[in-house]
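A quick write-up on the structure given underneath.
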Amino acid sequence: MDNSLSVCNTQLSVQDSVTLVEGSYLSQWTPVLFVLAAPFHFLYFKRNFQASVVQYKFILAVFITLIGTLRISIGLRDIHDILFGEKSPDGLILSISIVLTTIIIQDESHKTQMKKKRKYRFFRIFGLFCSFGISSAYIIHKRTDTTVDNKWELQLIEWTTQLYCVLISVYLIESVILVLKQVLGTDQSFQKGNADKDVSPEIKASYLSQLTWSWVTPLVLHGYKHNLEQSDLWPLTPGNVSTNIIPIFEKYWEEEVEKATRERQSQEKRKIQTTTNNVEKQIKANLLNCIIRASGPALLLSAFYKLLYHFAEFAFPYILRLLIGITKDRKEDIWKGYILAILMFSVTIFKSVVLNLHIKETQEAGRSNWVALTAVIYKKTLRLTNAAKQDSTVGEIINLMSVDAEKIGNCVWSLNEVWAVPLLFSMAFYFLWQTLGSSVFVGLIIVLLLVPVNFVLMRKSKQLQLESMDLKDARIKKMNEVLNGIKVLKMYAWEECFEKCILKIRDQELHILAKREGIQNWMHVIWATTPFTISLCTFGAYVFMDVNNVMSAEKVFVSLSLFNILQYSLHLVPHVINYFIQTAVSLKRIQNFLNNEELDTSIITRNTDSEYGITVEDGTFVWDTAMEPTLKNIRFKIPEGLLVAIVGSVGAGKSSLLSAILGEMESETAKVNIKGSIAYVAQQPWIMNTSLQQNILFGQDLDKKKYEYILDASALRKDLEVLPGGDQTEIGEKGINLSGGQKQRVSLARAVYQNADIYLLDDSLSAVDAHVGKHIFDKIIGSNGLLKEKTRILVTHGLNFIRKVDIIITMVDGQIGEIGSFDELTGHDGPFAGFMKTYMAEELSTKDAQNKDSYRTLEGIPTNDETMIHSSHSDIVHSISDNSNIPIARQMSRQTSCESESSEVLLHNNLVQEENTESVSVKLSVIMTYARAVGFKVALVILAINMVHEVAEMYLDVWLSKWTQDHTNGTVNETQRNMRLGIYGAIGLFRGVSIFVTETFVTYGLIKATRKLHRDLLRNILRSPMSFFDTTPVGRIVNRFSKDIETIDDQLIYQFKDVVICLFLVVCNTVVISTGTPHFLFIMLPVTVVYFALQRLYVSTSRQLRMMASAARSPIFSHFGETISGCSTIRAFQQEERFMIESARRFDVLNTRRSLARSVEKWLHIRLDWLGSIIVLCVCLLVVVNKDDISPGIVGLAITYALNVTNCIEWLVKLTTNVGTNIISLERIKEYSETPTEADWIVENKRPEHDWPNEGKVEMDNYGVRYREGLELVLKSISCKIAPCEKIGIVGRTGAGKSSLTMGLFRILEKAQGCIVIDGIDISTIGLHDLRSKITIIPQDPVLFSGTMRMNLDPFDEYSNEDIWTALNHAHLKAFVIGLKDGLDHQCSEGGDNLSVGQRQLICLARALLRKTRILVLDEATAAVDLETDDLIQTTIRTEFADCTILTIAHRLNTIMDYTRIMVLDCGQIREFDSPTNLLLDKNSIFYGMAKDAGLVS
């Protein structure tokens, strides 16, 4: 209401002013007529308020703008005339009144303009232009010396005045309507401290509040007093929500793809029609066009704001000239100085407002681009072909999202510099030419000479940037592999080898970084010294061209102001070039990725009228079009409701057949029809990092009855009883806290819950115990199970299930060998019948269903290319056994089934804890960590030389100020002039040298620091215990090695340096200003207090928001990595859209925090700018008041440095904040560099003999372990003696402690009591590598790393080629490796995805054969191979390891029935330990019960 009254009062003042215009009677009565007509307007606009009022005003404002802007140039000229007494100041005062009226009214009107905001931003700007145009008309009319002669000019004045009054009247009516709406309670304005958390207050904020970012104040105050939480944050505005940004970008991208496709087709036609063999460039969809189209409107608006900013910037030299002129002429009226001071203040405020608006628009455009790019990358990843996946590793794709896409988003701000820098450059030279004449062309020539030099440096920098990104991809890729396979690395004691490998890549990366920084240093030195060189040559040419040319204060300081603008533009050049180089590289990388081939879904049809559930015709399928077909001549039809088994040997193509049905393979001829929906259970089960219940529901609503029934059918009920949170227990990444059997059953339960029409089950029973497998088959898969009416295709190795299926398909070398029922295939002498006779002779002859000793396998896991689709990570923590390889977090919960649970376990169901985002001040210890990494001496040298350089730069201005005082008498002393010029040049030369030396030391310190920090981080991560990896997402660790290390590489040292230098400059500038105007110190003290009070308010909130944003990054990339692992499952369930929505939601969480952090930043900046404007105003007033006592040179110096000190203080606060923000990266790196580690790898004075252990005797004496202090023992009082060469089978039900025993043997878990002694040495006394390298394990999860076959067998190059070939021969891989093109140099892809799991398992066997230690641990090592290969491997183990002690963890009891003794564990204790024969004789024994469940005894 108060605002509306002020509007009315302002209207009256405007009416009074209008009466000053002679003959403008209509102008006097227009507002009154509109007020009288207000009720009629109200009735009309009430019905058409949202459309009519706003559109009417918009058209009116545009029309007035066209008229008003015609008068701007004349108005500016007349303002100048008024200041020199040629015109009355009445018009100027009146124009100020009109401008203020326009601003106030527009602020009120904004409350009714909530839609089409960008359009009305233009409208408000038009209104301001109108006010300036009308002002100029008033000024022209109020000439004191003459009247307006031109009738058209009088008419123009009258028309514009009348139209402006109409506009004011419309605003008045709108204000009345707004008041009535407020009285009636229909308008809900934003109130501080009472914000609607579902709506951003930015939407409801007034225009003035938006300009000043006052709507952020409640958040700033709340963040200062309390720790911020997600519930305290406002949501994004609708225009910034991912779901509104992504569709627009995707539309443009699809148009570009279609355009590129048409052009490629035209290109192919031209090739056919022409006989020339010209190689044409491959046409790709243009990503840059999409970015420009998507962010074009925002960029245009930001460009407009930036243009206004630069126009205002050039007003400073002009106003400075007038101020110096007033102080120089003692007779000038002092009121003119006051007006100029106020004008300087107003221009500073205006600059601040438009600059912050420009920044806001560019940031929003950049953020939108980043969100859109990451979304299309994510979507593309879900559609990539297998061949494209081989070219783009997980690490590379993560880099595209986390680094490249963000660089493109951050580069948006520099797009405006493309035109802004030439504009600034041109305008600066133009005004310099007006000030110094033709001498300025000398400086122009210097700039033109530097262009080719910088072009060469730019090209070299771009080349180095490409190399740097490739090395970064390689490093992140290797790091990702290491983290995913860390358990295997520890057991093999290979950490040191991979540490050297990663450090080698890092050293190459730093070498490139050093070269790139060297080039950047030269570019920085060139552009930093260019303004001085220009000024030196220009001043020199000016004074030498004419003896009468003197260095007056006006010319020098106006020129210096212009040189400062020129320096700003030239300073931007290397940064802009660097940004464009990096962005061009990133743009090309993303564009190449997005142009990769996608899966062709057209071969899959979904005809629901078909009588068959699945139909495949003309099936020739390949994983890669450049390779030979994997599947050939596939033809079959499966009727609905049948159970089909697919069997075959290793590499026969069973899993590939399922992938072909899913559309995961490529084909030019195949036709596949699917009747209904599909549910898929992958061979390597894919588990999400969420609760167990959500893993099963998989996006479906909870049907409690159905859910409970499926839990029972999947045999998960007992597992829920031992999990600390039941089905709400959080499952870690890749199911880290579940066994292989549990993961497989969860995956199966997920498929069953979807209630699909067709089920594809890829060996879904191999990872469970025999009795559990039988239960699942009977309750779910079989003829009486939940899926009895569904079409089921089961890849199986379980021979006891073969008879129960309807159809059997045998695969042989990628082709269908036989199809038929069990009786049909065994009724004739075919391959299937031959196999059954060999391995099931007893069962076939006796037809005794109770003889189930044959839960033996044809083959375990599919052939090479088949597993590529199932997971991009070969090292998914997968277990063939329900009971083996149980991770730490899971054991903590399992213990509760046998004894009382720890309250701590009961209270914490979440395995993965959230990152800490509480606000804490920057710790001195963190800063000292970086200082030590850089080196204290290096840091001191950098700061000292930098301070010298800044002092030299400031003294250049002081020297020029003294030079201006040499010509007070109007004469020129040539000797003194030459001395001044020479010393000026010498100081500048010294400054240039100091800049180069500083940058050289900075580069040295940067490389030294980042090398040490990365090495310490890597060293500590590789030495961390497995419990750390069980509870820490891989994405969180990778984020340290990617984004955080990048921050250290690119920003931190420069920001530390700049903070100290800015603080130094503030002090120096204050001293310089105080020298001429001592009273400035009294102004500076309270202003400084306010500065740092604002900074204190800001830092607390900003740091919390940025920490929250930093913590929100890891879930995004963890989710992305998880998606890559399960993309085939996601596609099979047709859940791509849901996962993309989830990804967008996570981006919105991050962008909410980032957006508010940037809003808080602008909240601070605009207040700092306004305080700086007060400083400028005070200095201007001081020099005006004391103009009789201050020389013009001091005036110019004081005002110039007042502007500088303002910028320095603002930069100091900003840099301090940025350091506080980016130091989070340093703090996160420091945190992970100091986490608890394992025991030493090597204990020098406790090293065993080289041939230890030479017998293989293992003794356990009262041995016990716990997972951490405060928890109960999971192994208790284990005492036993294992003689050399004994073969020990270790069995037990789920949670018995088998894996804990293995982990204790390798010291993955450290003892809590007792000891383990191997050949007389207590293993707890020696180094971990001395222990682990002397024990060999063949893990159930075969992990390979990207590199050569030889590297995967022998990473330390310890063995000869002969030894390696012998090991491969014994592992039955020699023929396969010889058949490879490169033999031992064959490149294994990431995770070994270009090999089958069975082949990977044989490579693990070959590793064991190479090491040939006295103790061998087998963890279901033969589960992934067919029966024939299994027999060969068992023979190899018996012969090659005959003199070794073998410990085998098994759940398939038939594989250990010939062992020396069986150790039965239960509840962490040895319950039975005897030969299999003796244990089976005791029908009350646990082992007998297990054998009975497995069908080994009747």
Side-chain angles (χ1 to χ4, degrees), residues 310 314 414 417-465 515-546 549 551 555-556 558-581 584 949 952-953 956-957 960 978 981-1000:
H310 289 312
F314 279 99
S414 62
E417 306 302 335
V418 173
W419 61 264
V421 169
L423 177 67
L424 287 174
F425 190 80
S426 303
M427 292 181 69
F429 266 105
Y430 172 75
F431 288 114
L432 281 170
W433 174 70
Q434 285 192 328
T435 305
L436 299 175
S438 57
S439 60
V440 75
F441 290 106
V442 178
L444 182 60
I445 292 171
I446 293 172
V447 173
L448 294 176
L449 290 174
L450 291 175
V451 170
V453 176
N454 280 278
F455 180 74
V456 173
L457 294 176
M458 181 180 69
R459 289 189 62 183
K460 183 63 177 175
S461 181
K462 180 178 180 180
Q463 179 184 350
L464 292 173
Q465 177 68 19
K515 291 171 68 176
R516 184 162 58 89
E517 288 296 319
I519 292 175
Q520 293 296 326
N521 291 346
W522 278 109
M523 294 175 68
H524 180 253
V525 169
I526 291 172
W527 291 113
T529 56
T530 296
F532 161 75
T533 308
I534 295 173
S535 65
L536 175 65
C537 296
T538 303
F539 287 152
Y542 178 73
V543 296
F544 283 120
M545 287 175 69
D546 191 337
N549 288 344
M551 299 291 287
K555 291 185 181 296
V556 167
V558 168
S559 299
L560 279 181
S561 297
L562 293 170
F563 282 135
N564 285 337
I565 295 173
L566 188 63
Q567 182 175 14
Y568 168 77
S569 62
L570 293 177
H571 176 73
L572 282 178
V573 169
H575 296 286
V576 171
I577 290 173
N578 185 41
Y579 268 109
F580 273 113
I581 289 171
H949 138 247
E953 185 173 6
L956 286 172
D957 298 336
L960 286 175
N978 296 339
L981 186 62
I983 293 179
Y984 183 72
I987 296 171
L989 179 62
F990 174 77
R991 172 177 168 269
V993 173
S994 64
I995 290 174
F996 180 76
V997 174
T998 301
E999 295 300 323
T1000 302

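Counting from 1, the numbers follow the sequence of the chain as shown.
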For [X] versus [Y], what's the shortest heavy-atom pair and its separation?
X      : Y      : result
Ala541 : Val442 : CB-CG2, 3.9 Å
Glu417 : Pro422 : O-CD, 3.8 Å
Ile519 : Leu457 : CG2-O, 3.6 Å

Distance, nearest 0.5 Å, that separates [atom1] of [X] from [atom2] of [Y]:
X      : Y      : atom1 : atom2 : result
Ile526 : Trp522 : CD1   : CH2   : 7.5 Å
Phe990 : Ile995 : CZ    : CD1   : 10.5 Å
Met523 : Glu999 : CE    : CD    : 12.5 Å
Arg516 : Asn521 : CZ    : CG    : 11.0 Å
Glu517 : Ser461 : CD    : OG    : 9.0 Å

Validation row: Phe314, Leu424 side chains within 4.5 angstrom (heavy atoms):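 Answer yes - side chains close enough.
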
Any Ile987 side-chain heavy atom under 4.5 Å of Phe532 side chain: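 No, their side chains stay 4.5 Å or more apart.
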
CA sep, side-chain torsions, deciding dist, call: Val440, Tyr430, side-chain contact (heavy atoms from CB on, under 4.5 Å): CA-CA 9 Å; Val440 75; Tyr430 172 75; over 6 Å; no

Donor-acceptor contact below 3.5 Å, side chain Thr529 vs main chain Val525: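 It does hold such a pair.
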
Pairs meeting criterion side chain to side chain donor-acceptor pair (under 3.5 Å) with involvement of residues 533-544, two or more places apart: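 Residue pairs with at least one partner in residues 533-544: Ser535-Tyr984.
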
